[in-house]
Amino acid sequence: MPYYQTWEEFARAAEKLYLADPMKVRVVLKYRHCDGNLCIKVTDNAVCLQYKTDQAQDVKKIEKLHGKLMRLMVSKETHSGSMETD
Amino acid sequence: MVLLENDSFLTELTRLFQKCRTSGSVAITLKKYDGRTKPVPKKGHPESFEPADNKCLIRASDGKKKISTVVSTKEVIKFQMAYSNLLRAHIDGLKKKDKKSKSKKTKATQ
């Protein structure tokens with residue numbers, strides 16, 4: 001389970017993974033104040049992408065990505081396959 | 001696992017962050033939710049369930065206490081604003097980058 005070195009790569013891979021199968025993917029955010037670090041993980045139980053940071057400047061990026069994925073999840077997307085409600 | 005309303009969830013999440021300031025971690029999980037309340041039926045049984053497409057499940061835990069909430073399209077805007085503010089307010093123990101050696105850049109990300 002590799003930790004990505006650059007935020008850019010992680011963000012791109014995470015969004016791609018989510019769009020491939022929205023129902024499977026989950027996003028986990030773990031914050032440790034005592035150690036002063038934040039870790040974000042995006043996985044579909046087959047692939048696991050992780051990014052860790054102790055920099056305050058990354059908090060905003062992580063929180064934005066989190067919000068973006070949240071909005072993707074609640075938006076009614078017309079995606080092929082799975083859910084057909086007739 | 002306690003399922004809460006969006007507002008109660010945010011209040012409890014604030015408490016989790018405050019509790020874990022001296023030790024421990026706060027884990028938040030976000031996942032797309034299709035509104036199931038019953039387990040997936042076995043093969044051969046008809047799936048008498050219409051999946052909803054506009055909800056997501058948010059869980060939070062400090063290792064001991066677990067809370068969760070469901071957010072749907074109507075609530076997401078309000079929830080996301082409050083949630084972002086909450087994260088930014090509490091996730092503040094991280095290192096601030098100040099490069100004294102090279103060029104003096106005062107808070108580039110604003």
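Below, all heavy atoms of this structure are taken into account, side chains as well, without hydrogens, waters or symmetry copies. From a predicted model like this one, the values you see are computed outputs, not experimental measurements. A, B, ... follow the sequence lines: proteins, then strands. Residue 1 opens every chain.
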Residues from residues 43-54 of chain A approaching chain B under 4.5 Å (heavy atoms):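 Result: Thr53(A), Asp54(A).
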Considering heavy atoms only, which positions within residues 31-39 of chain A lie below 4.5 Å of chain B?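 Residues of residues 31-39 of chain A touching chain B at under 4.5 Å: Tyr31(A), Arg32(A), His33(A), Cys34(A), Gly36(A), Asn37(A), Leu38(A).
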Pick from Asp58(A), Leu69(A), Val59(A), Val42(A): which one has the most heavy-atom pairs with chain B under 4.5 Å?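 It is Val59(A).
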So [Y] and [X], do their side chains get closer than 4.5 Å, heavy atoms only?
X	Y	value
Arg26(A)	Leu30(B)	no
Leu94(B)	Gln55(A)	no
Cys56(B)	Val74(A)	yes

side-chain hydrogen bond (donor to acceptor under 3.5 Å, both in side chains) partners of Lys68(A), counting only residues at least two apart: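 Glu15(A).
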Flag yes if more than 12 heavy atoms outside Gln18(B) fall under 6.0 Å of its CD atom; otherwise flag no. yes
Atom NZ of residue position Lys31(B) - does it have more than 12 heavy atoms of other residues, nucleotides or ligands inside 6.0 Å? yes
Nearest non-hydrogen partners of Ala56(A) and Lys96(B), listed with the distance: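 Smallest heavy-atom distance, with atoms named: CB-CE, 4.1 Å.
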Any pair counted as ring-ring contact (aromatic ring centres under 6.0 Å, His included), so long as it reaches residues 29-88 of chain B, sequence neighbours left out: His66(A)-Tyr83(B), Phe79(B)-Tyr83(B)
Could you grab the distance from atom [atom1] of [X] to atom [atom2] of [Y], nearest 0.5 Å is fine?
X	Y	atom1	atom2	value
Met23(A)	Asp53(B)	CE	CG	9.0 Å
Gln80(B)	Met70(A)	CD	CE	5.5 Å
Arg88(B)	Lys60(A)	CZ	NZ	6.5 Å
Met73(A)	Leu57(B)	CE	CG	9.5 Å

Identify which part of [X] has an atom lying under 4.5 Å from any heavy atom of chain A, answering side chain, backbone, both or neither.
X	answer
Ser84(B)	both
Val26(B)	both
Thr73(B)	both
Cys20(B)	backbone

Same apolar cluster: [X] and [Y], side chain cutoff 4.5 Å:
X	Y	result
Trp7(A)	Ile91(B)	yes
Ile58(B)	Met81(B)	no
Val28(A)	Leu72(A)	no
Leu4(B)	Leu13(B)	yes
Ile40(A)	Leu19(A)	yes

Quick one: do Ile62(A) and Leu87(B) satisfy side-chain contact (heavy atoms from CB on, under 4.5 Å)? Show the steps, please. CA-CA 10 Å; Ile62(A) 290 177; Leu87(B) 286 189; over 6 Å; no
Against Arg71(A), only a single residue in Ile77(B), Val76(B), Val71(B) fulfils side-chain contact (heavy atoms from CB on, under 4.5 Å); can you say which?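 Testing Arg71(A) for a side-chain contact (heavy atoms from CB on, under 4.5 Å) against Ile77(B), Val76(B), Val71(B) leaves exactly one candidate, Val76(B).
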Please state whether the side chain, the backbone, both or neither of Val25(A) comes within less than 4.5 Å of a heavy atom of chain B. backbone
If you tally heavy-atom pairs under 4.5 Å against chain A, which of Gly24(B), Ala27(B), Ser72(B) wins?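 When all of Gly24(B), Ala27(B), Ser72(B) are compared, Gly24(B) has the most.
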